[in-house]
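To keep things clear, I will list the structure first and then write my remarks on it.
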2 protein chains.
Amino acid sequence: MSNIRQVATMAGVSVATVSRALQQPERVSPKTRTKVMLAVNEVGYKPNLMAVKFRSGKTHNLVALVPTVANVFFARVISGMQIAAAQRGYAILLANTLGDESIEANYAKMVQTSQADGLIQLRAHNPFDSSMNKPGELLPMVNVCEVMSDINCPVVTLDNRAAAKAMTLHLIEQGHSRIALIKGPQSSPLTRERLAGYRDALTDAGLTFDESLLYPGDFTLQSGHNAASKILASKNRPSAVFCENDETAIGAMQCFKQAGLSIPRDISIAGFDDISFSAFCDPPLTTIAQPAEEFGQSAVSLLIDLLEGKITKAPKVIMPFELIVRGSTGPAPKSTVA
Amino acid sequence: MSNIRQVATMAGVSVATVSRALQQPERVSPKTRTKVMLAVNEVGYKPNLMAVKFRSGKTHNLVALVPTVANVFFARVISGMQIAAAQRGYAILLANTLGDESIEANYAKMVQTSQADGLIQLRAHNPFDSSMNKPGELLPMVNVCEVMSDINCPVVTLDNRAAAKAMTLHLIEQGHSRIALIKGPQSSPLTRERLAGYRDALTDAGLTFDESLLYPGDFTLQSGHNAASKILASKNRPSAVFCENDETAIGAMQCFKQAGLSIPRDISIAGFDDISFSAFCDPPLTTIAQPAEEFGQSAVSLLIDLLEGKITKAPKVIMPFELIVRGSTGPAPKSTVA
DNA sequence: TAACCAAATGAAACCCGTTACATTTTAACG
DNA sequence: CGTTAAAATGTAACGGGTTTCATTTGGTTA
């Protein structure tokens with residue numbers, strides 16, 4: 001690999017001049033500039049940006065801690081992060097953490113060992129060890145989707161509680177009074193927030209909250225399918241099912257259809273996220289649309305602002321959601337309503 | 001940030017000794033080792049790995065050029081890459097190229113500017129500029145999924161032609177003789193290979209290849225839906241549809257179902273990839289399973305071997321596929337067969 | 001105790017840009 | 001033409017590790 005000194009020799013100038021000719025062309029005479037450019041081409045010079053990063057102390061790398069890269073919703077967030085980062089000259093170091101805290105910690109160390117400037121966390125968990133805690137100083141981190149309550153950290157999310165309430169309200173308006181909820185992983189704050197919103201809507205509508213209508217899930221297709229089997233087997237079957245994400249809903253939908261139920265005639269199903277597959281179910285899934293790509297973009301933008309000292313307080317960005325009513329929800333069957 | 005010199009001062013030894021105490025503990029006396037470790041903790045020393053990378057000329061970063069991060073199949077490949085890379089001490093720099101050659105070239109430059117050691121390409125396209133071509137030397141690149149014919153490059157893929165042939169054969173065995181094919185993007189070699197396999201099977205079975213049964217697509221849900229509409233509108237409608245990927249199949253399936261067709265009674269549908277959603281369709285989708293995660297792992301492993309000089313020839317790794325027969329394919333309707 | 005070798009340690013170069021500071025060249029003006 | 005300021009260019013330090021080579025220390029043996 002050629003270096004700047006070879007270019008300098010070839011051009012018959014000093015390394016400083018070469019550096020200037022490349023970084024601030026107006027600082028060198030046109031004549032010298034030409035000489036340098038010719039020499040650059042001559043020796044096929046490509047700057048060693050590792051040296052630049054080392055010297056400057058800025059890597060322009062951001063670590064993204066993603067529990068599961070293969071999750072469609074997360075994939076959209078990553079896509080947004082990637083695009084925003086590229087626009088501002090940063091690269092994304094992707095970490096597939098599988099929710100494992102030791103893996104998270106390993107990647108977080110990249111920030112502590114100067115391999116990355118900052119970190120984006122999709123889970124509600126602080127991956128840094130205590131040595132990073134500087135009193136009064138923000139960690140070089142931004143949280144997306146899930147909110148960490150115990151730490152002061154910029155965050156991009158949406159009002160999950162309000163969104164879940166809106167969806168539940170939609171179902172109630174359709175005449176449903178027994179609405180099952182298939183939850184997400186217990187560990188996720190999202191699960192609790194969405195449950196709270198579901199409960200809010202019931203309370204507002206004067207309906208009783210029934211623990212037995214809550215089903216465990218973990219945001220996977222399979223867990224939706226499993227929960228649906230249990231719902232089918234329950235006595236007093238609910239007339240609607242609100243799933244805390246779309247994958248769960250799609251898994252549940254398959255189970256109901258294979259059992260011979262017609263959706264939404266026999267049972268209504270609603271999801272959360274609006275992944276691409278949701279519009280292509282049969283029937284298409286009623287869901288809450290989240291601006292996933294914007295989550296990623298906004299998070300990256302916030303993190304870079306933080307790193308570049310443009311913000312010092314930790315903002316909380318609440319993105320808008322949208323209730324998307326499609327064919328999977330409809331009026332409650334008369335028999336159930338009666 | 002503390003550095004190694006501060007540790008040296010604190011421990012009362014030279015920087016060389018500190019470096020050795022940390023890298024090759026057996027090379028220093030136990031007494032010194034202890035002194036150094038105490039000093040490390042004392043000043044909260046974290047090595048600047050950017051300096052190490054700069055000095056060594058090895059970044060231990062790999063660039064992954066992915067056309068669309070949000071594609072579920074690619075997401076699985078990325079997941080595999082990520083895991084294999086982590087195991088061998090490498091990090092993945094993710095690039096969402098959108099198939100744009102200038103974006104690809106930008107990320108490829110990261111290799112040329114010493115920001116990454118190598119690159120994994122998911123498209124059949126060489127992103128490097130000509131300055132990288134060293135006669136007789138392999139590029140620091142591995143190809144996954146798609147094969148580049150014009151360049152000598154290690155590759156991990158599967159026999160798409162054979163797989164498409166196997167699927168088509170399956171449909172033929174079910175009694176189908178008019179089988180539509182919804183293709184992928186024209187630009188992708190996958191599209192052509194799968195088409196070739198489809199054709200092979202028809203030829204072997206003595207069926208005529210009918211151009212009018214080929215429908216354009218681009219691997220998206222929407223394109224599958226669009227193609228299905230056209231199929232519905234065609235006179236002499238085919239009794240089976242082979243889609244070049246699962247997303248297309250799922251999009252097509254929705255269209256057929258909404259038109260009142262029963263699958264597979266009225267029409268059979270087959271896909272390719274075996275994404276997670278395929279098992280959770282109604283009916284579940286017959287498809288070709290590809291070991292996507294293994295693609296990623298194998299590619300990373302190959303690339304690292306290449307970078308570390310463990311291989312000098314460009315191997316071609318052909319992964320196995322599996323025909324997964326589910327409910328979306330069945331015997332051809334009698335009326336059509338007759 | 002002298003001689004000798006191995007183990008332990010230290011000094012300094014090195015990687016490759018950027019940049020502060022010093023020096024030289026150029027241009028302008030009296 | 002001489003003076004002076006501005007523009008252009010050069011020199012060398014710097015960043016933080018690793019590593020080579022030299023030196024010192026320690027222990028062993030005659």
Side-chain angles (χ1 to χ4, degrees), chain A residues 1-40 42-61 89 109-117, chain B residues 1-40 42-61 89 109-117:
Chain A
M1 287 288 278
S2 57
N3 62 30
I4 203 170
R5 280 158 235 270
Q6 290 172 39
V7 176
T9 307
M10 177 70 64
V13 298
S14 72
V15 293
T17 302
V18 175
S19 180
R20 277 187 291 253
L22 296 172
Q23 304 307 320
Q24 324 159 52
E26 73 284 357
R27 293 275 317 278
V28 301
S29 72
K31 201 172 41 171
T32 312
R33 206 181 306 158
T34 319
K35 270 195 300 184
V36 170
M37 291 313 178
L38 285 174
V40 163
E42 181 75 20
V43 304
Y45 172 66
K46 291 279 187 311
N48 181 335
L49 294 190
M50 219 60 181
V52 176
K53 291 176 171 195
F54 159 56
R55 175 69 218 267
S56 70
K58 300 286 170 213
T59 64
H60 283 227
N61 290 337
K109 248 180 230 146
M110 295 187 80
V111 176
Q112 302 185 53
T113 55
S114 311
Q115 296 182 80
D117 299 337
Chain B
M1 288 287 280
S2 58
N3 62 29
I4 202 171
R5 280 159 236 270
Q6 291 172 38
V7 176
T9 307
M10 178 68 67
V13 297
S14 72
V15 293
T17 301
V18 174
S19 180
R20 277 188 290 254
L22 296 172
Q23 304 307 321
Q24 324 158 51
E26 74 284 358
R27 293 276 318 278
V28 301
S29 72
K31 202 171 40 173
T32 314
R33 207 180 306 158
T34 319
K35 270 195 298 183
V36 170
M37 291 312 178
L38 285 174
V40 163
E42 181 76 18
V43 304
Y45 173 66
K46 291 279 188 309
N48 181 335
L49 295 190
M50 219 58 181
V52 175
K53 291 176 172 195
F54 159 55
R55 174 66 218 265
S56 69
K58 300 286 170 213
T59 64
H60 282 224
N61 290 337
K109 248 180 231 148
M110 295 188 80
V111 175
Q112 303 184 51
T113 56
S114 311
Q115 296 181 81
D117 300 337

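Within every chain, numbering begins at 1; the chains are lettered A, B, ... in the order of the sequence lines, protein sequences first and strands thereafter.
- The separation between N48(A) atom CG and dG17(C) atom P is 6 Å, rounded to whole Å.
- Rounded to the nearest 0.5 Å, atoms CG (N61(B)) and CE (M50(A)) are 5.5 Å apart.
- When distances run from any side-chain atom of Q23(A) to the nucleotides dT18(C), dT9(D), dG17(D), the shortest one goes to dT18(C).
- Toward the 5' end of DNA chain D, the nearer of the two residues L49(B) and R27(B), judged by each one's closest nucleotide, is L49(B).
- Distance CG (N3(A)) to C1' (dC14(C)): 12 Å, rounded to an integer number of Å.
- A straight line from CZ of R20(A) to C1' of dC21(C) spans 11 Å, rounded to a whole angstrom.
- Between S2(A) and V28(B), the residue whose closest nucleotide on DNA chain C is further toward the 5' end is V28(B).
- Contact annotation: the side chain of V36(B) never approaches that of V28(B) to less than 4.5 Å [non-hydrogen atoms, C-beta and beyond].
- Nearest-nucleotide positions on DNA chain C for M1(A) and P30(B) put P30(B) closer to the 5' end.
- The side chain of T32(A) approaches dA8(D) more closely than any other nucleotide in the set dA8(D), dG17(C), dT18(D).
- When distances run from any side-chain atom of S29(B) to the nucleotides dC15(C), dG10(C), dA8(C), the shortest one goes to dA8(C).
- Within the 4.5 Å cutoff, side-chain heavy atoms of V13(B) are placed close to those of K35(B).
- Atom-to-atom distance recorded for K53(B):NZ and Q115(A):CD is 3.5 Å, nearest 0.5 angstrom.
- Side chain of V15(B), nearest nucleotide from dG16(D), dA20(C), dT18(D): dT18(D).
- The nearest whole Å value for the distance from the CD atom in E26(A) to the P atom in dA6(D) is 18 Å.
- Checked against dG17(D), dG10(D), dT19(C), the side chain of V52(B) finds its nearest nucleotide in dG17(D).
- The A16(B) side chain lies nearest to dG10(C) when the options are dT18(D), dG10(C), dT11(D).
- Taking only side-chain atoms of F54(B), from C-beta outward, the nucleotide of dG16(D), dA11(C), dT9(D) with the closest atom is dG16(D).
- Checking each of T9(B), V40(B), V18(B) against I4(B) for a side chain to side chain contact (heavy atoms under 4.5 Å, CB included) leaves exactly one that passes, namely V18(B).
- Protein atom CG of L22(B) is 16 Å distant from nucleotide atom C1' of dA8(C), rounded to whole Å.
- Judged by distance alone, with hydrogens and angles left aside, R5(B) brings a side-chain donor or acceptor within reach of the base of dG17(D), the pair sitting under 3.5 Å.
- Rounded to whole Å, the distance from NZ on K58(A) to P on dG15(D) is 15 Å.
- Taking only distance into account, the side chain of R55(A) never meets the base of dG16(D) through a donor-acceptor pair shorter than 3.5 Å.
- A straight line from NZ of K31(B) to P of dT9(C) spans 8 Å, rounded to a whole angstrom.
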